[in-house]
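Here is the structure we will look at, set down as structure tokens.
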Number of protein chains: 2
Amino acid sequence: MSVIVTATASVNIAVIKYWGKRDEELILPLNDSISATLDTNVMCARTSVCARPDIQKNEIYLNGIKNSFDNKRLQTCLKKIKAIATLQKTVDEEFLSWNVRICSENNFPTAAGLASSAAGYACLVTALAKLYKIQTDISQIARLGSGSACRSVFGGFVRWHAGVKCDGSDSTAAQIVQSTHWPEMRVLVLVVADKEKHTSSSIGMKKSSETSELLKYRVEHCVPRRVDEMINAIKKKDFPRFAELTMKDSNQFHAICLDSYPPFHYLTDVSYKIIDVVHKYNEMYRETKVAYTFDAGPNACLFLLEENVPEVLGVIKYVFPSSNTDYVRGLDVPEEEEHTFVQFPVQPMEENKLQYLIHTKVGDGPQIHYDGPHLLNELGQPLNVLKI
Amino acid sequence: MSVIVTATASVNIAVIKYWGKRDEELILPLNDSISATLDTNVMCARTSVCARPDIQKNEIYLNGIKNSFDNKRLQTCLKKIKAIATLQKTVDEEFLSWNVRICSENNFPTAAGLASSAAGYACLVTALAKLYKIQTDISQIARLGSGSACRSVFGGFVRWHAGVKCDGSDSTAAQIVQSTHWPEMRVLVLVVADKEKHTSSSIGMKKSSETSELLKYRVEHCVPRRVDEMINAIKKKDFPRFAELTMKDSNQFHAICLDSYPPFHYLTDVSYKIIDVVHKYNEMYRETKVAYTFDAGPNACLFLLEENVPEVLGVIKYVFPSSNTDYVRGLDVPEEEEHTFVQFPVQPMEENKLQYLIHTKVGDGPQIHYDGPHLLNELGQPLNVLKI
């Protein structure tokens, strides 16, 4: 009988940003980065894998559509895992000779610019490592799929060490603290309604590395200090410090994009409005209660403590009104606690500038689901294939 | 009979930006900057001054409205000029004891964010220096009125030396080349339709000086090299080099704004569209034919050579359509040469995202107008006073 291994993994949100590679091939970053891995119960990639003698060629299905396996990064990950399995003699040679079938789905829109590749590769590598029974630091393998995926193989707060070695063997991720260390931490993902085409992060990083003079200074002077301070803030659960560092580092990353040549930008007028709302909110309380961070797109991730979620949601609904009946998704917010804001010192935007919000928290990292649901049936055939 | 002195001066457009002060009081900048002074025939401030025994208190009229003279920077300029006149014995003591009346007008909207204070102070200081017959480097005095005004007291391309002395005596402007050196150079000012309130440049500079880590690096490493390269490019009339440096320095200045905390921004979605249009245009020709630069607001200044004006205007009209019958102002563009663009690889925006354009060129600096028109009559009384 065929073994089906199914895993889930989630996206991670960087609070100290990864931007720029020291090695394009091995995906080695210019600087350390730090992120929070989100709860797989709210947003996740789910991946089922199997290896069988009756599979003619390696196959991969993404969100119900058969994709080409002719993808260098994907092949590198599989090759690496099989090589370790060979070395560790964890499975027999016959099993190693079989082809694989991979079926992966995201429960959130891939196009939402929410670093779905990080969740996807973390999930894939977790599932394959289990299938081939290897014992190793899988963050290095996930890194070869998609740089920041290495941070999604752990839960809680995670640091990706840039490393210094040419072969990348010291460019690995490590957990700073588990999610249980700071259970009050919440995340609101604000998905901006956006039709613009943005520079891909790979291309953007390359441009910045080649042309931004400020990036050198960021990498050498700003990030090392910020990484230390951020780890301290997380360990001490110092929210204001954590929040300020998070916002400053997001801003600096976007400053680097603008300092690149030709410049590119991810923040839109709606993103700037979110930045304004967060600073106005914090100023109102004379305390840093919410932080924003933006990746290679206009969507914001807000970090805040559980106790402030109802009020902040009220502010967001006031400034970004929506006709969407399914506007707030994810974790429940007790209705009676929800504030209705009628006054806030920021002019509301017109309706539907935000598509929807996802309310979530920091999670435990990838999970293996022995009991399914699997995306492959007992015969290793994909379920949920879209008819096009 | 009373002497009326009337001067005109124009705004200047920085190609290496001034951002951040080393002394708030004396308005001493953190770094050198370079600009082009625009033609007074297209955009200018006009200022008439007189000193008379019958003026009870110093008076100033701006655009037809009596303003308070209780303005520290204004008083500093007047005091400084009178002190030099005393020292140089250029006028008699009686004349020095009389109060002044100042009347100033801009022929372009003050609110358009076009650094009207630079033109205003350069004009005022030029007129007062003439009235009191002093012989001195007036750029230092204009600097005390409004930092970048010191560059507007010269025509052509001008460098403001930051200087190193605490008293600011070496923080002066000097002409790099006259406007006749590069007579083909043209400027298009794109006035963006914008309702947003932006951080004033004084406040923005202060925030950046206090909080942006990247600004230090810019000041110490990026600007000194760029200043040398820019002077070279101007002297050699190397347009592509001039243009690239101009764009990079504008982008870096806006990157610094974003790296400040809390961050602030001047570029809007329309500004980013202009940036995109310029890069697409240059890519189309595989040659840098147009440069943009943005100051503390969303308006763009494009630098380009005369021969490219008709085509670039065509592109702008295509991407930024307007219902304004007076859309293109300033210098004439021969109608038969105007291109009508029907295809350009940038999606046009909806109508009226730009208010209007001003077509102008690099100019000769402040002028004294012995024959008027003056803004004060023979009795030293203001003309054109608005009835409110």
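Considering only heavy-atom pairs separated by less than 4.5 Å from chain A, the leading option among B:Glu283, B:Gln252, B:Gln347 is B:Gln252. Ranked by heavy-atom pairs under 4.5 Å with chain B, the first of A:Pro263, A:Ser260, A:Cys257, A:Cys222 is A:Pro263.
Under the side chain to side chain contact (heavy atoms under 4.5 Å, CB included) criterion, B:His265 pairs with A:Tyr272, B:Glu196, not counting sequence neighbours.
More than 12 heavy atoms of other residues, nucleotides or ligands shown are found within 6.0 angstrom of NZ on A:Lys289.
Against chain B, the residues from residues 207-217 of chain A that qualify, each with a non-hydrogen atom under 4.5 angstrom away, are A:Glu213, A:Leu214, A:Tyr217 in number order. Among residues 226-247 of chain A, the residues having any heavy atom closer than 4.5 Å to a heavy atom of chain B are, in sequence order, A:Arg226, A:Glu244, A:Met247.
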- Query: Which is it for B:Tyr261 and A:His279 under the ring-ring contact (aromatic ring centres under 6.0 Å, His included) test, yes or no, and what are the steps along the way?
  - Reply: CA-CA 10 Å; B:Tyr261 190 81; A:His279 284 292; 5.4 Å; yes
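With a 4.5 angstrom heavy-atom cutoff, A:His254 touches chain B via backbone and side-chain atoms both.
Within the structure, the salt bridge (charged side-chain N to carboxylate O under 4.0 Å, His left out) test picks out no pair touching residues 261-274 of chain B (sequence neighbours left out).
To the nearest 0.5 Å, atom CG of residue A:Leu258 and atom CZ of residue B:Phe253 are 10.5 Å apart.
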